[in-house]
There are 2 protein chains.
Amino acid sequence: MRRWTIKDIAKQAGVSITTVSRVLNEKEEGMSPKTREKVLKVMEEVDFQPNQFARGLVTKRSKIFGLIIPNISNPYFPELCRGVEDEANEREYSLIICNSDDQSDKEKRYLRLLEEQQVDGIIFSAKDSLESSDEEQLSRAKIPFILVDRGKSEKNHSSVLLDNDKGGYLAGKHLTELGHRKIACIIGPKSISLTNDRLEGFRRALAESGVELSPSQIIEGDFQMEMAYQKSKDLLMKKEVTAIFAFNDVMAFGVYRMAHELGIHIPRDLSIVGFDDIPLVSALIPMLTTIRQDTYLMGREAVKLLIQKLENNETQSIMFNPTLVVRESSTSPKLLL
Amino acid sequence: MRRWTIKDIAKQAGVSITTVSRVLNEKEEGMSPKTREKVLKVMEEVDFQPNQFARGLVTKRSKIFGLIIPNISNPYFPELCRGVEDEANEREYSLIICNSDDQSDKEKRYLRLLEEQQVDGIIFSAKDSLESSDEEQLSRAKIPFILVDRGKSEKNHSSVLLDNDKGGYLAGKHLTELGHRKIACIIGPKSISLTNDRLEGFRRALAESGVELSPSQIIEGDFQMEMAYQKSKDLLMKKEVTAIFAFNDVMAFGVYRMAHELGIHIPRDLSIVGFDDIPLVSALIPMLTTIRQDTYLMGREAVKLLIQKLENNETQSIMFNPTLVVRESSTSPKLLL
DNA sequence: TTGTAAGCGTTATCAG
DNA sequence: CTGATAACGCTTACAA
């Protein structure tokens, strides 16, 4: 037999389909317990499952959220994703995930896809802040969305972001307090605003100690290990800096590798500070000093705010605070160059 | 105005809804180009998007696959997930992902959820091989599925698995060939069959060199770093082994950490072999020798076979071959104990 | 407390 | 080549 429908259930239980629909939706407590029992019994027996297509067609709700992230292979995102998934599922939503690879066209394509799938909302960790064309599309489709991790806090949309300026500041302050004066950083793509925020905070911290950051000490990376590994070579060979601040942990991994290759000892010859505090960080030897963000919680929070938006049309933004986690990779420079 | 429907398009273009539906589905090339143009133009103008609920209601297809994995935070799975997502999207499918945390009840819950969402198929990396109750449910719901990474190859369902026995064998052979005689291993949960497969291959390789694996040399881990870190302490302090084979890279990370803490030098005092070859592995210092599997490709392949099943009802299984990647963490023991 | 019937936006079957 | 029209399975006024 084909799948059971409420019609079948109704016939079997000797009631109308309306009644079945009612018990399905747990509405109308004003209903004879007998009838309810009868219906529930039949449903139970055949392990009835309502058809979401039919439901959605009427209610216009899919109980699905979309999550767009740059790349799940970047260890930052599984944590975020996990937070989003856990919160979503507790609230009976499923999650479609999409990897944009930081490409605008893929973002657009997925946005369309999600719209077509009639998702009830989108959690968006975009290439950067939303492009206006995307925002337009989203609002035209009336899909509530929330920006997470990437983007800017604006009053016309919800967001869950990190105080990246503060993160950069913490890193800078830590290094200058240790006595470092010659410091470089491996930043993210300049097109991404959080890169600039971190850089600004970092600069400010250095400036407070009268340390300047020359252009040659700012290396543009892509948040991946490989490029950081390669680009740090020059920097390390010249031996002109005593410390490096990598804008994420994965790039710090790259620096570790190059330092190892060149026989540079961490932290004796070189201090390193990372960003994110991804779980595997504690396995790096020596253990990495880093700026921690509570990625998992940010994911959960994003879903909460999204649901706020969805149910009450409330726009809300939260900014998380990063913290400095001092481990073994940072120490005072052995001598001032 | 509310969302456009094919009805609106039809009216606007001065044709019937059937015609609109036809151009939407690119059917019936036998159609006057004029009409087609006319309709397409209107669609373009209003950026028309068909309602998947209505579509699904009649076609019974959601264009969504479900992916159930233990935990996206375990670095093995993002790769798998990425492979699945890429292949799925190229074929116009979206992907709902679910983390089961290796708990049977969560698996069951998600299975139900996916069924309710009317997914067109499920890619399942279960706790272990499918429980019969799950298989029953799946077949009752007529949802095609494929097992990936975890499970057993059986002729009544498709699967994409790794030759774990061979993987274990490669690791064992490598270590014995280097001259190790006292070897331990940190395995996965015994309830998972791939653990036993790897162990068996490993044992066989050791046996070929007359090396035996005593129970005290088999440590049960959970594929996470933390437990491997703690459980390796005893092992390392006794200094009774010259090599350790960790059943995944993440646990190898844990061993690295403990070795570092205890001042044990890798590979001089201790050789380590991991499993998986996750991307960050190359950042471990010294670089980890490991058994590589092409996780990304396995993900892609899983989707291909799933679609085979879906479209042609062909059941097919593939077994991938692991390879040994020798890096810096394994070498001959400095002296035979 | 329960039932009837009108949609929801598509696709598919027939006619024309 | 094109168009009515009947499903698809559910929710929801509106009646009874």
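What's counted below: heavy atoms across the whole structure, side chains too, no hydrogens, waters or symmetry copies. Please read all numbers here as calculations on a predicted model, not as lab measurements. Chain naming here is simple, since letters A, B, ... match the order of the sequence lines and numbering starts at 1 in each.
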message = Within the 4.0 Å heavy-atom criterion, would you say Thr18(A) contacts the bases, only the backbone, or no part of the nucleic acid?
response = base
request  = Using the closest heavy atom to pick a nucleotide of DNA chain D for each, name whichever of Val15(B) or Val58(B) lands nearer the 5' end.
outcome  = Val15(B)
message = Side chain of Ala54(B) only, heavy atoms from C-beta on: which candidate in dG9(D), dG9(C), dT11(C) is closest?
response = dG9(C)
task = Look at the side-chain N and O atoms of Thr19(A) and state whether any lies under 4.0 Å from the OP1 or OP2 oxygen of dG3(C).
result = yes
request  = Can you tell me the distance, in whole Å, between the CZ atom of Arg61(B) and the C1' atom of dT10(C)?
outcome  = 16 Å
query = Any chance the side chains of Ser94(A) and Lys63(A) put a donor and an acceptor closer than 3.5 Å?
reply = no
task = Measure from NZ on Lys7(B) to C1' on dT5(D) and round the result to the nearest Å.
result = 12 Å
Whole-Å gap separating C1' (dT5(D)) and CZ (Arg22(B)) = 13 Å
ask   = Below 4.0 angstrom from OP1 or OP2 of dT11(C), is there any side-chain N or O of Ser21(B)?
value = yes
remark   = Taking dT5(D), dT11(D), dG3(D) as options, the one with an atom nearest any side-chain atom of Ile6(A) is dT11(D)
ask   = Is there a side-chain polar atom (N or O) of Thr35(B) under 4.0 Å from OP1 or OP2 of dC1(D)?
value = no
ask   = Is any side-chain heavy atom of Asn25(B) less than 4.5 Å from a side-chain heavy atom of Arg55(B)?
value = yes
remark   = When rounded to whole Å, the NZ to C1' distance for the pair Lys11(B) and dG9(C) reads 15 Å
key: Side-chain touch Leu111(A)/Ile122(A), heavy atoms, less than 4.5 angstrom   = yes
ask   = Which whole-number value in Å describes the distance from Leu57(A) CG to dG7(C) C1'?
value = 9 Å
ask   = So, is Lys60(B) near the phosphate of dG9(D), with a side-chain N or O under 4.0 Å from OP1 or OP2?
value = yes
task = Could you tell me whether the phosphate oxygens of dA4(D), OP1 or OP2, come under 4.0 Å of any side-chain nitrogen or oxygen in Ser16(B)?
result = no
key: Atom-pair distance (CD1 on Ile9(B); P on dT11(C)), nearest Å   = 12 Å
key: Minimum side-chain heavy-atom gap Ile68(A)-Ile123(A) below 4.5 Å   = no
inquiry  = Does dC8(D) have OP1 or OP2 under 4.0 Å away from a side-chain N or O of Asn51(A)?
reply    = no
request  = Determine, using ring centers only, whether Phe65(A) and Tyr93(A) are less than 6.0 Å apart.
outcome  = yes
request  = In whole angstrom, give the distance that lies between atom CG of Asn25(A) and atom C1' of dT11(D).
outcome  = 7 Å
ask   = Could you state the CZ-P distance from Arg3(A) to dA7(D), rounded to the nearest angstrom?
value = 21 Å
